[in-house]
Undergrad: 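Quick one: the structure is below, and I'll ask about it shortly.
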Protein chains: 4
Amino acid sequence: MADKMSDKTRRRLPRHVREQQIIDAAIQVFSKRGYHLAVVDEIAELAGISKPMVYLYFGSKEGLFTACIRREGELLTESFANAARTARDAESQLWRGLSAFFGFVAEHRDGWVVLYRQASEVGGEVAAEVQRQRGEVGAAVASLVASGIARTDTSARLADPEVSFVAMALVGAADALTDWMAEHPGESPDQVTQRLMSMIWVGMRNALAGETWTPPRG
Amino acid sequence: MADKMSDKTRRRLPRHVREQQIIDAAIQVFSKRGYHLAVVDEIAELAGISKPMVYLYFGSKEGLFTACIRREGELLTESFANAARTARDAESQLWRGLSAFFGFVAEHRDGWVVLYRQASEVGGEVAAEVQRQRGEVGAAVASLVASGIARTDTSARLADPEVSFVAMALVGAADALTDWMAEHPGESPDQVTQRLMSMIWVGMRNALAGETWTPPRG
Amino acid sequence: MADKMSDKTRRRLPRHVREQQIIDAAIQVFSKRGYHLAVVDEIAELAGISKPMVYLYFGSKEGLFTACIRREGELLTESFANAARTARDAESQLWRGLSAFFGFVAEHRDGWVVLYRQASEVGGEVAAEVQRQRGEVGAAVASLVASGIARTDTSARLADPEVSFVAMALVGAADALTDWMAEHPGESPDQVTQRLMSMIWVGMRNALAGETWTPPRG
Amino acid sequence: MADKMSDKTRRRLPRHVREQQIIDAAIQVFSKRGYHLAVVDEIAELAGISKPMVYLYFGSKEGLFTACIRREGELLTESFANAARTARDAESQLWRGLSAFFGFVAEHRDGWVVLYRQASEVGGEVAAEVQRQRGEVGAAVASLVASGIARTDTSARLADPEVSFVAMALVGAADALTDWMAEHPGESPDQVTQRLMSMIWVGMRNALAGETWTPPRG
DNA sequence: GATGAATGAGGATTCATTCAT
DNA sequence: CATGAATGAATCCTCATTCAT
């Protein structure tokens, strides 16, 4: 009787639920193997269903990947934005935002890998979506950066080379630190964020303020 | 007879030359398509030879990729090390090293992409080589960083979390800025380097010296 | 309550009605796509029901196709026979029969295509039914032809090569003209019939009477 | 030694030869099963090679089918045209042309089936090619018909409804008689042609001359 | 040294068909 | 009566890799 119940837990689920399960499985497999080495069969098996379901719900391997990207991307951007919104001044906002970011990655390692580390691997239609999502993340950071130092019109500054430069560097660094974090399990996301802030906060302010470093004669 | 000669311009080249031609072609294709979407046929055609030659010289697609990685990796590490070696103090060394790095990428975009952006894409044997090469680059930077601020034993500090953290962040930022540079063709590698130094030099020194940033109460 | 009623307009129809609706939809789809390219989903959707109903009523795709073939075949044979029966002499019978045929096709283009143009496409069980139906049509024509010129026993002549030859040629021509008619929407079925009769009536009589054409020496 | 030779007969053949062998096999299989039921594996096996060869040479199942259609279509149109060209007057030309046609079909049954009987079965790109080839055949007949009775400008008459009607009917009848011929192996192509000419020659002339049959009052 | 010919193996995708509700 | 959920079984196609010349 009880096990009839547990059977029911896995069988004949409504579409929406199954879709999430499939995405969960897909993220795992895409993350472990990379897009091309990931085999749809394995995803299906891991999700506890048969291949045709995947195609029924997502249309194609690309479609499935896109769905993964999208879900994780939105999750991240939201948690980033929510965190930043809780603070008023630029410094706090960046701190909160980065902290949320590292926290997210710490808990969604697979998702992050899928989301961010496979740009060159996919081609065609999906590449565009990947670009879009990556851009979203970058834009969130950029807007934080811009607003942080803008005494004047924020939106105008978004296009500034200075801003995009800083944002890009920041995102790149954060991404790379994702691996560092994985190799140093003892460090909490907040500690990592603190390290990063220590390293860039002063310079960032200066850079955005126009104070430039000049090469030594050595 | 005469046309036999002109044929010879392309045919029957010594092994070493052919190998380089093939690697050149391979880097182009791997870079444009990514490892899995790259098709050996296309590489062979681009190199102006037939597929079996590729296998004769490199054994397998993986072997060919490894060769690409290795050649570009060595090129980069050397140019980085050479540049750094010309300076004495830490600041200058980093400046010279990064400058060499951005210069290299500016001229070897394809090579850099192949070298650094495909970690998740390849599996098995090659993955190890990729890791090794990426590590090499990281180590070069790390050693620079470490030596830069070490008043004491350099090699000891290499294992320090501080050092690896800074190195990682730096490499990540530099990598990401590679794209920024591609989108801002007006900026010379030196200008990019200067921007980056402005952003991180102060903070980096402080961070490595143990001065930590602390979160505001906001 | 009221809307339960309006729902009932489409729902819970008696079996016989539903079957006809499904066959209608099936004929459309089979005709547009051909047997293999026709997808059961599309048929079900067009019929406004769900796939399982199709299987409940017809057992299989083949079964559904057979039902289509059968319905249209009977429709045609009957209308052909009825028309022919209204005339007494051979000439009139053929005229009436052909006229009925072209009239039928003009109004049931889809049905005719399904019925007659997919012999090679289906395999196995269905092929037999298709053959049977096509034979039925041929036989009706043949019997007309035979009776038309038979001074003696009609049924005996049915097996004659002359009769089957003429019947076959006639059916083939008529089938092909089906397309011609579709491309010349101005022509009424009766006009088409008249053209055809002009072309074959004299020769047919002669041929059946044993008068043969002989090749010129040119 | 000798059997090394016979091995060589089947192995490592030059592209052009293999292509023809594959087309031969494909025609057989397409003819027996129909386009959709035909499986590329079976074709490859029958041709004595592996599937990838088929794709290397023809690109896709559709491409292979197109190649079949094209080869057989050209064969037929040429043999038809050549035959017709040997005669001067319309009657002889038609006789020779039809005779060549039935001769062709008698010897290339499979080819004919592939060429002409699968219009509805294939979709997309190929459908166009099939249409083109079928049109070619029809055009050849139509041009014969037109020239045969045209006292004035031939090309003008090709568009005439009368001509296209007669040509269509003729092609349709001939196609259908293809089956009749297969069921009456005793009859030579020339005998079949004679039967057909007996049936249509007089009426055709009349029809094209404008003499129309009128329905009896019965 | 060089290549045209050939293939083993595997992956994405589709579809007729059936449960369980 | 009616259907959303689910799948077994093919089929097309591609690609790294290897002979035989």
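Letters go in sequence order (proteins before strands), and every chain restarts at 1.
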Undergrad: Once you round it to whole Å, what is the distance between C1' of E:dT3 and CZ of B:R18?
TA: 12 Å
Undergrad: Nearest to the side chain of B:I49, heavy atoms from C-beta on, is which of F:dG4, E:dT3, F:dA16?
TA: E:dT3
Undergrad: Starting at the 5' end of DNA chain E and moving along, which residue's nearest nucleotide shows up first, B:Y57 or D:S50?
TA: B:Y57
Undergrad: With nearest nucleotide decided by heavy atoms, which residue, C:V40 or D:H16, maps closer to the 5′ end of DNA chain E?
TA: D:H16
Undergrad: Across all strands, who's sitting opposite E:dT13 as a Watson-Crick or G-U wobble pair, both distances under 3.5 Å?
TA: F:dA10
Undergrad: Round to a whole Å and report the spacing from CD1 of D:I22 to P of E:dA6.
TA: 8 Å
Undergrad: Taking pairing as Watson-Crick or G-U wobble with both contacts under 3.5 Å, can you name the mate of E:dT21, or confirm there isn't one?
TA: F:dA2
Undergrad: Could you tell me whether A:A38 contacts a base, only the sugar-phosphate backbone, or nothing, with contacts defined as non-hydrogen atoms closer than 4.0 Å?
TA: sugar-phosphate
Undergrad: Can a side chain N or O of A:Y55 be found less than 4.0 Å away from OP1 or OP2 on E:dT14?
TA: no
Undergrad: Rounded to the nearest Å, what distance is computed from the NZ atom of residue A:K51 to the P atom of nucleotide F:dA10?
TA: 13 Å
Undergrad: Whole-Å distance between E:dG4 P and B:D41 CG?
TA: 11 Å
Undergrad: What is the distance, rounded to the nearest whole Å, between atom CE of C:M53 and atom P of E:dT21?
TA: 20 Å
Undergrad: With heavy atoms under 4.0 Å as the rule, sort D:F58 into base, sugar-phosphate or nothing.
TA: nothing
Undergrad: Identify whether any heavy atom of B:R15 sits under 4.0 Å from a base atom; if not, whether one sits that close to sugar-phosphate; answer base, sugar-phosphate or nothing.
TA: nothing
